[in-house]
> 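I'd like to ask you about the structure that follows.
Side chains are part of it too, since the values below use all heavy atoms of this structure and drop only hydrogens, waters and symmetry mates.
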Amino acid sequence: MRMDHVSYACEHDGLAATTERISSALGVEAVKGGVHPRFGTRNMIIPLAGHKYLEVVEVLDHPASDKAPFGQAVRARSAAGGGWMGWCVEVDDLAPFEERLGRSAVNGNRKFPDGRELVWKQIGILGLIADPQVPYMLKWEGDPSLHPSNAYDSNVKMSCLTIAGSAARVTEWLGEPVEKPLEDVAVEWVAPHGTPGILSVTFETANGAVTI
């Protein structure tokens, strides 16, 4: 179990403009992700150090986005003005989560222009919609070199999450101490009785700490 990525739902001016603001603040370039046909979304990627990445995601006018929980989550967050939507943990085995949540993981995929395909399974988006402090879980499949963090070598490091919520709640959700997947990423837990979710993420960049 390890921290994999954070997701930022695009603001009202769209994917390109939102991504440009974030990438400029971090002093790096974003790369095109692509369309998630099963979810009715598309994304841009900012690779980070330590096998992590940041995705900026936008909902599409596509029937899948009305049916898929991920599409619904992106649409709702963008409609509220955009911002941090959630965080994701990579696991080796989704079966314990499928058993605990009483449903099966869903397939995800994204094709590269050269025909290669990034594939994975994920579960927990309904939990994130209900309680945005909790992460969703993902298992990468296929070619490991296609992991989004490998788009280019990055020196930008995710150093801290500020989350409205409680460590105890997220530990309960994961079935393991929340500190385990976070490893070198600190968490500041605030407002345990307020509206839950990621409030900000801090990155270490060539120009110092940047909080978004």
> Flag yes if L146 and W120 sit in one hydrophobic cluster, no otherwise; membership is Ile, Leu, Val, Met, Phe, Trp, Tyr, and two members link when side-chain heavy atoms are under 4.5 Å apart.
yes
> Return yes if some donor-acceptor pair links the side-chain N/O of E98 with the main-chain N/O of A105 below 3.5 Å, else return no.
yes
> CG of D92: more than 12 outside heavy atoms within 6.0 angstrom?
no
> When rounded to the nearest 0.5 angstrom, what is the spacing between CG in L94 and CG in L138?
7.5 Å
> Heavy-atom count around E29 CD within 6.0 Å, excluding the residue itself: above 12?
no
> Applying the side-chain contact (heavy atoms from CB on, under 4.5 Å) test to Y8, which of I198, V201, V74, I22 qualifies?
I22
> Mind checking whether F39 and F70 have parallel, tilted or perpendicular rings, split at 30° and 60°?
tilted
> Considering only heavy atoms from C-beta outward, does the side chain of K180 approach that of L174 to under 4.5 Å?
no
> Would you mind writing out the side-chain donor-acceptor pairs for residues 54-61 within the sub-3.5 Å range, not counting sequence neighbours?
| from | atom 1 | to | atom 2 | distance (Å) |
| --- | --- | --- | --- | --- |
| E55 | OE1 | N43 | ND2 | 2.8 |
| E55 | OE2 | S7 | OG | 2.6 |
| E58 | OE1 | R42 | NE | 2.7 |
| E58 | OE1 | R42 | NH2 | 2.8 |
| E58 | OE2 | L15 | N | 3.3 |

> Hey, what do you get for CD (E20) to OG (S23), rounding to the nearest 0.5 Å?
4.5 Å
> Pick from W140, W87, Y136: which one makes a side-chain hydrogen bond (donor to acceptor under 3.5 Å, both in side chains) with D4?
W140
> Is the backbone of G197 close enough, under 3.5 Å, to the side chain of W84 for a donor and an acceptor to pair up by distance?
no
> Between R116 and D143, does at least one N-O distance fall below 4.0 Å, as a salt bridge requires?
no
> Looking only at heavy atoms, which two atoms of H51 and S149 are closest? And how far apart?
ND1-OG, 3.4 Å
> Please report the closest heavy-atom contact between I45 and P148, naming both atoms and the distance.
CG2-O, 3.8 Å
> Strictly distance-based, threshold 3.5 Å: is any side-chain N or O of T202 a donor or acceptor partner for the main-chain N or O of S159?
no
> For the hydrophobic clusters of this structure (ILVMFWY residues joined by side-chain heavy atoms under 4.5 Å, transitively), does one cluster hold both L199 and V178?
no
> Rounded to the nearest 0.5 Å, what's the gap from CD on Q133 to OG1 on T195? Could you check?
11.0 Å
> Under 3.5 Å, is there a donor-acceptor pair between the side chain of E90 and the main chain of M3?
no
> Between V89 and E176, is there a side-chain heavy-atom distance shorter than 4.5 Å?
no
